[in-house]
Amino acid sequence: MSDPEVALRVDGVYKKFRKGELYDSLRDLVPALARRLLRRRPPAGGNGGLTQREFWAVQDVTFSVARGEAFGIVGANGAGKSTILKLLSRIMRPTRGTIEVAGRLSALIEVSAGFHPDLTGRENIFLNGAILGMTRAEIKRRFDAIVAFSGLEEFLDTPVKRYSSGMFARLGFSVAAHMEPEVLIVDEVLSVGDYLFQQKCFARMNEVLTGGATVVFVSHNLRAIAALCARSLLLERGRVMEIGPSHQVISTYLSRGQTRRAGAEQDIAITEVSLRAPTGPRRLEFESGDVLDITIGASAQTAHEDISVVMQIVDENQYSVFDTCSQRLGAGPLALAAGESLECTFRLRLHLAQGTYRVNAYLHRYVTDQPYERWMSAATFFVVGTPTVRGVAHLAPTLVQCDTSKSADTVLEDQRAYAAEG
């Protein structure tokens with residue numbers, strides 16, 4: 001690779017696949033061959049070099065990743081993310097284009113791949129490590145660290161066919177995470193196991209980055225992408241839609257998937273829902289306790305009266321966390337003449353626990369609760385920095401007192417003193 005600062009380069013990569021069936025009997029194969037011979041073939045190159053039964057899974061993908069950088073890839077199911085990772089890890093070859101990787105590459109695409117169900121956890125550590133490219137000496141040197149990280153010490157000599165899916169994932173990630181590669185390809189594995197193990201996975205990934213490794217991370221967990229990766233790529237139907245700062249790419253991705261539903265009135269519309277700090281640009285990530293401004297804009301084609309602007313925050317499961325409206329906050333009934341627009345900004349203090357939150361926006365008539373329009377999941381933001389807080393609200397707890405248990409005599413004396421006071 002000509003540039004020593006680049007760890008990975010993808011240049012004009014295409015990958016095509018064939019649609020159809022695989023025939024495993026002569027009875028099915030002969031009619032299929034006859035149909036293929038009789039079928040009229042399309043002109044060569046008539047669809048970018050594709051036949052009728054082929055399609056592009058990836059088209060003209062170009063990007064590069066610097067040494068020591070964490071680079072995210074986001075997109076909907078079927079966008080081509082896993083295909084890109086398999087091309088990067090050399091499981092598949094591109095139809096066209098080039099891929100260059102500088103240094104030793106490790107892929108965490110399927111954490112339990114390479115496990116034999118009849119072998120014990122101990123034996124599978126050596127088997128899986130060898131498949132991933134580690135020498136026996138390397139595995140022995142890191143064996144204790146792998147076992148300690150997995151937390152499966154007491155099940156180490158049990159056949160892995162007895163393991164739960166979570167235990168499988170724990171052991172697989174533990175082996176792969178101790179490979180110490182120059183380039184690490186990661187696909188969704190940071191969602192394995194329980195909450196505490198996920199925190200260990202994030203900590204380990206940060207250690208890998210601190211050690212100078214390059215990470216390419218694919219996940220539907222946008223909060224993880226935002227926290228781990230400074231830059232990201234948005235894929236849609238196999239094509240690159242955007243490359244840039246992760247918060248910007250995630251914002252574009254979410255905006256393309258926003259859902260809107262009009263109410264009874266079609267001539268008044270919500271035109272904007274944006275998030276920002278009071279003195280800064282638009283952003284997606286906030287610390288617990290930060291101030292957030294949510295701006296909702298609307299416009300009307302015909303005159304409307306008694307308008308109330310409603311803002312609701314919900315969690316990932318669409319459970320309501322908080323809602324308020326312009327009228328409740330003292331703005332009074334709003335009115336729009338034909339062609340006029342309004343802008344309403346709500347300022348909130350985010351006393352929320354770490355998590356992903358979405359903003360729903362509504363326009364309705366306050367007195368009769370008549371709906372004008374609603375925009376569900378109009379914006380998304382992440383709260384970070386409070387991993388030890390459980391639940392939704394962050395109430396900033398402090399430990400005022402924590403005494404050891406009292407003896408029976410002391411408890412009896414306290415009860416007598418309380419009775420005497422009362």
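Any value given below was found using the heavy atoms of this structure, including those in side chains, with hydrogens, waters and symmetry copies removed.
For the atom pair CD1 of I294 and CZ of R347, the computed distance is 12.0 Å after rounding to the nearest 0.5 Å.
A cation-pi geometry, defined here as NZ or CZ lying under 6.0 Å from the six-membered ring centre and within 45° of its normal, does not hold between K16 and Y14. The cationic group of R374 does not satisfy the cation-pi geometry with Y362, failing either the under 6.0 Å distance to the six-membered ring centre or the 45° limit from the ring axis.
Residues meeting the side-chain contact (heavy atoms from CB on, under 4.5 Å) test with F126, sequence neighbours left out: R136, I139, K140, F143. Here S164 pairs with M167 under the side-chain contact (heavy atoms from CB on, under 4.5 Å) rule; sequence neighbours left out. By the side-chain hydrogen bond (donor to acceptor under 3.5 Å, both in side chains) test, R365 is found to be paired with Q370, Y372, residues two or more places apart in sequence or in another chain being considered. Looking at residues two or more places apart in sequence or on another chain, you find no side-chain hydrogen bond (donor to acceptor under 3.5 Å, both in side chains) involving E182.
The side-chain heavy atoms of L127 and H116, taken from C-beta on, include a pair separated by under 4.5 Å. When side chains are defined from C-beta on, I270 counts as touching I296, because their heavy atoms get closer than 4.5 Å. At a threshold of 4.5 Å between non-hydrogen side-chain atoms, the residues I268 and Q301 do not count as touching. V13 is not listed as a side-chain neighbour of T62, based on a closest heavy-atom distance of 4.5 Å or more. Side-chain contact check for K81 versus K86: every heavy-atom pair is 4.5 Å or farther apart. Side-chain atoms of L171 and I125, non-hydrogen and from C-beta on, do get closer than 4.5 Å to each other.
Looking at every heavy atom in both residues, V6 comes nearest to R9 through CG2-NH2, 3.7 Å.
The ring-ring contact (aromatic ring centres under 6.0 Å, His included) analysis of residues 57-83, with sequence neighbours excluded, yields the pairs F63-F71.
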Tell me which donor-acceptor pairs under 3.5 Å the side chains of residues 329-346 have, and how far apart each pair is, sequence neighbours excluded?
unit_1, atom_1, unit_2, atom_2, d
E340, OE1, A337, N, 2.9
T345, OG1, T295, OG1, 3.0

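Listed for the R237 side chain is no donor-acceptor partner under 3.5 Å among the backbone atoms of A79. No side-chain donor-acceptor contact under 3.5 Å links S308 to the backbone of C325.
Residues D157 and R122 are paired through a salt bridge, judged by an N-O separation under 4.0 Å between the basic side chain and the carboxylate. Comment: R162 does not engage D118 in a salt bridge, judged by the lack of any side-chain N to carboxylate O separation of less than 4.0 angstrom.
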